[in-house]
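Below: one structure, written as structure tokens.
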Amino acid sequence: MRMYDVIKKKRDGAELTTEEIRFVVHGYTRGEIPDYQMAAFLMAVYFKGMNERETYDLTIAMLESGDRLDLRSLKGIKLDKHSSGGVGDKITFVVLPIAASFGVKIVKMSGRGLGHTGGTIDKLESIPGMRTSLSKEEFVKIVDEIGFAIASQTENLAPADKKIYALRDATATVENLSLIASSIVSKKLAAGADAMVFDVKVGCGAFMKDFDQAKKLAFLMLDIVRRHGKKAKAVLSNMDQPLGKMVGNSLEVIEAVECLRGEGPKDVIELSFTLVKEMLDLAGLKVSFSDIESMVRSNEPLKRFKKFIELQGGDPNVVDDPFKLPISRNVVEVRSDRDGYVARLDAEAIGRACVFLGGGRSKKEDNIDHSVGIELLKKVSDRVRTGDVLAKVYYSNRSDLDSALALVRSAYVLSTHSVEPPSTVFEVIE
Ligand code: URA
């Protein structure tokens, strides 16, 4: 079989066989297919799409590219959650310690920033000393001790996703249903959970801009998981504006800690509690929002988060002293030039501004600047007066600043009429 022929077949819109899909995934993972051919293949898939059977085969080939975690030593049902990608999405750091405090086990394999969206692994690595590349034994040991751990893909675990994900990020081939579904689900199946909840984002800052596409993605992922004999649910959530007030790696860790203290922004709390509730439901535990609130007030989730940082090699003191995190001291305020109400706050523009500042990657090899980001002081429906600070931009290099500032300014649309606060959670798909 020749890669050239497979690329041409997909470019011309034909359906690929299981063998052809396995050839591409395994050949690329083993380094036998070069980046330029894989990039062309991904672009062909982006334009021509894959049907459900091809998407299932792609997911399974990606899963089979590496090992699976053996979780038999962990008692009880093992859970996982995954977001389809958004801006300001620090939800994992809030959900995992809370859910684990109810006694369930969560095995989470996460990714890095993708396109204009942030990545859990990049955010975690803003904590000095934090390790996300864990051996299988260490991963399982940490989950056993505190109820959860977060690891990145490795040469052994979901290696195909690790390579393809990085290439998609640099070749504008992220926004495709089959590529997203296979990337997410192959990681989840490799990590070995019995049941999982997908947080499927919809809106201008999500990869799925409209409701129909987001629902399609949700059903596609649920279907693959069920065919594989596992349980799953999907939560459709709003990504028209960023989640919470903080966007950027260190800044988002700070906001997650605030939420674990019970003080975070309403939208982050609402979505986190919804995901905790649905995850626990899959484990057979029925809890209400007020049970979750009491758990947060007990301080147990915050203690677990601290212990988690320590066990993965990070400095747990960042929880009590956020100034131990790298946060740039160079700050510019963006002020409003008129009175009104925030009618729109474009999440994609804010995500792209963060990438411009160095908080995300433009090329595969780029290093992340964990200290930069954007603090959103005004969000949709807030009243604004002339001169009010809309946002603060934390930057390292002046040369990146002008483009980022222009994007932040363009993200805000004001109206003279009052605006209803938007919903955070749209629907739970069982
Ligand atoms: N998250 C992933 O893990 N993969 C994608 O393709 C998008 C979001």
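Both counts, for ligands and for their atoms, begin at 1 and track the order of listing.
Listed by chain and number, residues touching ligand 1 at under 4.0 Å (heavy atoms only) are H82, S83, S84, L114, Y165, R168, I180, S183, I184, K187.
Taking the six-membered ring for Trp, H116 and F207 have ring centres closer than 6.0 Å. A centroid separation of 6.0 Å or more is found between the aromatic rings of F41 and Y28.
A salt bridge does not link D315 to K324: none of the charged nitrogens lies less than 4.0 Å from a carboxylate oxygen. In summary, K379 and D267 engage in a salt bridge, as defined by a charged side-chain N under 4.0 Å from a carboxylate O.
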>> Could you walk me through whether E375 and Y394 satisfy the side-chain hydrogen bond (donor to acceptor under 3.5 Å, both in side chains) test, starting with their C-alpha distance in whole Å, then the side-chain angles of each, then the deciding distance to 0.1 Å, before giving a yes or no?
In response: CA-CA 8 Å; E375 183 176 348; Y394 296 71; 2.6 Å; yes
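Considering L357, L405, V334, L251 as possible partners of I374, the one that fulfils the side chain to side chain contact (heavy atoms under 4.5 Å, CB included) test is L357.
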